[in-house]
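Input: a single structure, listed below in structure tokens.
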2 protein chains.
Amino acid sequence: MIRLLLADDEELLRGALCSLLDLENDLQVVAQAATTTDTVRLAAQHRPDVAVLDLEMPPTDGLHAAAQILAGADGTPPRIIIVTRHARPAVLRRALAAGVSGFVPKSTPAARLAQIVRDVAVGHRYVDPEIAASALTENECPLSDRELEVLRAARTGAQVSEIAAAVHLAPGTVRNYLSSAMAKLGVATRHAAAHRAWEEGWI
Amino acid sequence: MIRLLLADDEELLRGALCSLLDLENDLQVVAQAATTTDTVRLAAQHRPDVAVLDLEMPPTDGLHAAAQILAGADGTPPRIIIVTRHARPAVLRRALAAGVSGFVPKSTPAARLAQIVRDVAVGHRYVDPEIAASALTENECPLSDRELEVLRAARTGAQVSEIAAAVHLAPGTVRNYLSSAMAKLGVATRHAAAHRAWEEGWI
DNA sequence: GGGCCCTGATGACATCTGTCATACGAGCTG
DNA sequence: CAGCTCGTATGACAGATGTCATCAGGGCCC
């Protein structure tokens with residue numbers, strides 16, 4: 001019997017997946033969570049074999065939760081499967097770096113999930129083939145850490161002075177980073193750059 | 001037997017909901033769609049009793065699909081339930097104006113969906129109580145149609161000239177609309193205004 | 001130590017943005 | 001008809017933004 005932890009902030013999806021997976025008679029959902037904090041707590045408490053985590057979850061995100069679970073486990077940590085709607089190569093890279101075993105976009109047929117869970121439970125890794133292919137062909141994120149940082153701060157439409165305060169840099173420096181990020185992305189405004197970087201899964 | 005059309009671009013959710021609802025022995029999923037065009041086509045072809053539509057679907061959205069289904073039906077049109085993650089009062093208003101019978105956020109427990117489908121099938125309407133309460137207390141969108149239009153075009157970080165081209169207005173006029181929208185929303189940049197309007201579900 | 005790259009910072013300059021006053025025509029209201 | 005509002009447009013101006021050259025300090029390699 002494979003013991004599962006299911007984490008997703010959307011009750012509808014989590015509930016539907018729960019009953020779907022519980023139908024399989026070698027799978028058992030032992031805990032459910034809607035937040036990353038609950039996820040980490042319940043993983044430590046129930047020690048599931050496999051944790052299926054949505055990437056987009058408050059208050060942080062699935063990757064943070066995965067890292068915490070893997071770091072905090074004494075003994076063998078659970079295998080972790082990340083499920084996401086925002087399935088971009090860059091996100092896949094970050095997920096694999098965090099040590100997750102499975103990466104599944106929400107465009108995967110529901111029927112296949114149970115099999116992926118079984119594969120991962122016995123130690124295999126599963127990565128959506130489509131995204132894996134993109135990750136191998138698409139170019140890396142061209143932006144530096146600082147550039148990503150200022151773009152993150154620019155996402156809500158803030159002015160330079162606000163961004164500068166948020167990242168603890170001089171306003172002029174922020175403008176330089178924004179400028180180089182825009183040049184790298186081939187766009188004309190910081191906001192277009194932030195939008196683009198977000199779409200690509202870089203921030 | 002209640003005949004259902006299920007439309008959602010996420011296979012995972014659609015598949016999970018499908019098996020969940022099929023488990024109920026008075027419900028039967030007769031068609032599934034991942035795009036709004038398929039949704040409209042299959043609704044005409046299968047004439048389901050209830051259509052469960054995700055709001056966020058390519059290439060248009062669930063509300064467009066709902067309007068087309070209701071307009072195109074000869075005889076009694078299907079009852080329509082909109083499911084959405086982005087459940088804001090403004091969206092609810094637009095949905096009700098389009099003639100849908102049910103409005104369900106994705107935070108609804110999966111187990112309750114079957115009952116909502118049954119209620120709607122016999123002619124009741126169902127609106128998530130939480131959102132309905134917000135819709136009654138929260139203030140209306142203060143923006144005019146033109147303001148919303150330019151903000152929509154501004155969302156990707158475009159410059160004034162691009163926005164002007166997109167909405168077929170003079171650049172100066174676009175700036176006036178952006179300016180008044182920013183004033184109404186109490187923000188300092190067009191991008192912050194667009195971000196805000198998006199969060200509120202206005203664009 | 002001397003050179004070299006990297007990060008963060010500054011200042012100057014052209015351009016873009018946000019604000020505001022104003023204008024003009026369409027439609028409506030008295 | 002005169003007066004009014006509304007949508008659209010223009011021009012002017014201050015301030016914000018994007019670009020670029022340049023500089024100071026800190027590691028790092030020879």
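Each chain gets a letter, A, B and so on, in the order the sequences are listed, and its residues count up from 1. All values reported here derive from a predicted model rather than from experimental measurement.
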Any ion pair linking A/E199 and A/R196 (charged N to carboxylate O, less than 4.0 Å)?
no
Identify every side-chain donor-acceptor pair in residues 152-175 of chain B under 3.5 Å, counting partners at least two apart or on other chains, and give the distances.
residue	atom	partner	partner atom	Å
B/E162	OE1	B/Q159	N	2.8

Could you list the donor-acceptor pairs under 3.5 angstrom formed between side-chain atoms of residues 50-72 of chain B and any protein atom two or more places apart in sequence or on another chain?
residue	atom	partner	partner atom	Å
B/E56	OE2	B/T84	OG1	2.9
B/T60	OG1	B/T36	OG1	3.1
B/D61	OD1	B/L63	N	2.7
B/D61	OD1	B/H64	N	3.1
B/D61	OD2	B/H64	ND1	3.3

Looking at every heavy atom in both A/A33 and A/L42, which two are closest together, and how far apart are they?
CB-CD1, 4.0 Å
Five pairs per end, C1' atoms only: what is the angle between the end axes of the helix from C/dG1-D/dC30 to C/dG30-D/dC1, to 10 degrees?
10°
All N/O pairs under 3.5 Å across the protein-nucleotides 16-18 of chain C interface:
residue	atom	partner	partner atom	Å
C/dT17	O5'	B/R190	NH2	3.1
C/dT17	O3'	B/R190	NH2	3.3
C/dG18	OP1	B/R190	N	3.2
C/dG18	OP2	B/R190	NE	2.9
C/dG18	OP2	B/R190	NH2	2.5
C/dG18	N7	B/R175	NH1	2.4
C/dG18	O6	B/R175	NH1	2.6

Does A/D145, at its CG atom, have more than 12 non-hydrogen atoms belonging to other residues, nucleotides or ligands within less than 6.0 Å?
no
For each nucleotide in nucleotides 21-28 of chain C, reading 5' to 3', give B when a protein heavy atom comes within less than 4.0 Å of its base, S when such contact involves only the sugar-phosphate, and - otherwise.
--------
Just by distance, with hydrogens left out, do B/R118 and B/Q115 show a side-chain donor and acceptor under 3.5 Å apart?
yes
Contacts of type side chain to side chain contact (heavy atoms under 4.5 Å, CB included), residue B/A34, not counting sequence neighbours:
B/R14
Using heavy-atom distances to pick each residue's nearest nucleotide on DNA chain D, tell me which of B/G172 and A/V187 is more 5'.
B/G172
Per B/Y177 side chain, nearest of listed nucleotides D/dG7, C/dG8, D/dA9
D/dG7
Identified side chain to side chain contact (heavy atoms under 4.5 Å, CB included) partner of B/V100 from the options B/L92, B/I82, B/I81
B/I82
Do the side chains of B/E147 and B/K184 get close enough for a salt bridge, i.e. N-O under 4.0 angstrom?
yes
